[in-house]
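Throughout, a chain's letter reflects where its sequence line sits, starting with A, and its residues are numbered from 1.
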Amino acid sequence: MAGPRLGLRIYNTLSRRIEDFEPLQPPEVKMYVCGPTVQDLAHLGHAKTYIVFDVLYRYLTFLGYRVRYARNITDVGHIREDIQVDRIIAGAERERLAPMELVDKYMFSFFSDMDSLNIRRPTIQPRATMHIVDMWEAISKLVEKGYAYVVDGNVYFDVSRYEGYGQLSGVRREELMKHRVEPAPGKRNPADFALWKKAESGYLLKWSSPWGEGFPGWHIECSVMSIKHLGEQLDIHGGGQDLIFPHHENEIAQSECITGKKPFVKYWIHVGYLTVNGERMSKSLGNYVSIKDALKKYTANDVRLFILSSHYRSPLDYSEGVMEQFMEFRRRIEDCYFRVLEARGRAAESGEAGVEFAGQIDRVLEEFLSRLSDDLNTPQASASLTELVKIVNAYLDSRQVPVARDLDKAQQAFSTVFEILGLRPPQVESGGERLYLVVERILRLREELRRQGNFKLADTIREALREAGIQVEDTSAGPRFKVAR
RNA sequence: GCCCGGGUGGCCGAGUGGCUAGGCGGCGGCCUGCAGAGCCGCUUUACAGGGGUUCGAAUCCCCUCCCGGGCUCCA
């Protein structure tokens, strides 16, 4: 029997086509993903991007690659164009904190959000402010090589010196020159972008440099940190679609001019937006839901199943109604998993295992993996998860005494799928031992009533428990209950 | 203005030339004292509109309409 076709194929923004994934130095994979500017709470739009890359990280690891994954923290240098102020400073003023206090607050908030969503920690999370010297060394190199020029304490990248400019985004240099809005004075070319900006005397976030006091431009940090921590050429570089231009376009220009090596990145991967009523979820539109707020209503598994229900490159529309659909879907998956755990306790250790069953499980797993290998098709992969649930439920329905080997097979399949999709295996309610004992005793008495034919009172008890958040189900193997979350 | 994506059944959302996506909801069946869960079936001869290519098109080409995004604020 041929094994599953596991060769990953992935869409590359640079070539605009799906390509076979072949890392530069297998089995190592170097992956860099642009992290957030830690100026405010992260929202579900951020969650979408980082969950997608988390699944990619998990899947590459599953395939046997040794993945070095860097995701940065931007804590300086990201200018808000409207007011020409660093986003960190703007946030600090808003919250009446010192800039680095704001950074601390939201960086740790971000970390905790990522953990809550069961997003695996990258192997390194470098911060821009810890690389200021590295940045000006890189900028100096660009100036020396003639790719950048200094104007009154500012350093700009000279786009005209880099031929490939526009290859990633499709933006044409001539267009950029035409449609500029008020180019900064001293720029040779409107399309040139800042590597280092001069800071006025009272400016809060500034460092000394060969060009005087100032701060780095937004794009240089990612070039510098990725090269420093992963190397001069990367296998994967990703982020949200919004970063294609100018951020990633500029990164390519900077990095290739710094190192002299091409290509800077072999595979560029970009994630589609999370939308609300068709419009992009964003802070400025005010249509965003913070990860913390979302997790007050939904579990991490709900959020992940929702986000993975559409293809990563497509936009996905958020609404509470849709989230409720996914809560229902999640419950069904988790209930099936619980059924397996419960059945394991009363399973026959020996006995004829379901030959057909094992084959079905293998087939559905193989299908699951090959769908992920097809440009990370998580919607199809979650359809495979549904299929797994159906097979397992049907098996449990058909057997009075399930066989241990079959259940182990099923549980293993769930483990594999959960691990790759980053779903937390549902936990049996912990710390509720006393509640559990009380409910068990009530149900034992209720069983007695049912045996006596006193269904009216039995139903009343069931209803009372339901109102208390305890759902009772009468099954052929006896009553079961679960505590509502 | 320039450049990208899209418009799929009640809702969400896969699918790039023929082969059941899937979920949620609704209806019916089996099971059950009832309910719930589960399984099965139906809802599903769906693919913005018009033309074309083809034995065959949601899928390729042309035109039109509508929506979203990028064009140095955003994952």
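Panel note: side chain A/Asn301, backbone A/Leu423; no donor-acceptor pair is recorded below 3.5 Å. Under the 3.5 Å distance criterion, the side-chain polar atoms of A/Tyr267 are matched with a main-chain donor or acceptor of A/Asp20. The main-chain N or O of A/His219 is never found under 3.5 Å from a side-chain atom of A/Asn250 such that the two would form a donor-acceptor pair.
Here A/Arg451 lies out of heavy-atom contact (under 4.0 Å) with every strand. Residue contacts for A/Gly239: at a heavy-atom cut-off of 4.0 Å it reaches the sugar-phosphate backbone alone, with no base atom in range. Among the protein residues, A/Glu328 comes within range of the sugar-phosphate backbone only, with heavy atoms under 4.0 Å from sugar or phosphate atoms but none that close to a base. Within 4.0 Å of A/His247, counting heavy atoms only, lies no atom of the nucleic acid at all. Among the heavy atoms of the strands, none lies under 4.0 Å from A/Ser382. In this structure, A/Arg450 reaches the bases: a heavy-atom distance under 4.0 Å links it to at least one base atom across the strands shown. At a threshold of 4.0 angstrom between heavy atoms, the contacts of A/Val472 include nucleobase atoms, whether or not backbone atoms are also involved. Looking at heavy-atom distances under 4.0 Å, A/Tyr50 makes contact with sugar-phosphate atoms alone, never a base. Among the atoms of the strands shown, only primed sugar atoms or phosphate atoms (P, OP1, OP2) are found under 4.0 Å from some heavy atom of A/Gly35.
Across all strands shown, B/G22 forms a Watson-Crick or G-U wobble pair, both distances under 3.5 Å, with B/C12.
A donor N or O paired with an acceptor N or O is found under 3.5 Å between the base of B/C34 and the side-chain atoms of A/Arg462. For A/Asp459 against B/G33, a side-chain-to-base donor-acceptor contact under 3.5 Å is present.
Side-chain N/O atoms of A/Asn393 include none lying less than 4.0 angstrom from OP1 or OP2 on B/A37. Close to B/G38, at under 4.0 Å from its OP1 or OP2, lies a side-chain N or O of A/Arg331. The phosphate of B/C24 (OP1 or OP2) has a side-chain N or O of A/Arg332 nearer than 4.0 angstrom. Note on A/Ser314: a side-chain N or O is less than 4.0 Å away from OP1 or OP2 of B/A14.
Judged by centroid separation below 5.5 Å and plane tilt below 30°, A/Phe329 does not stack onto the base of B/G23.
Annotation: of the two residues near RNA chain B, A/Thr386 and A/Glu473, the 5′-most nearest-nucleotide partner is A/Thr386.
Figure legend: cation-pi geometry between A/Arg17 and A/Tyr11 absent, as NZ or CZ is not positioned both under 6.0 Å from the six-membered ring centre and within 45° of its axis. For the pair A/Arg71 and A/Tyr32, the cation-pi test (distance below 6.0 Å, angle within 45°) is failed.
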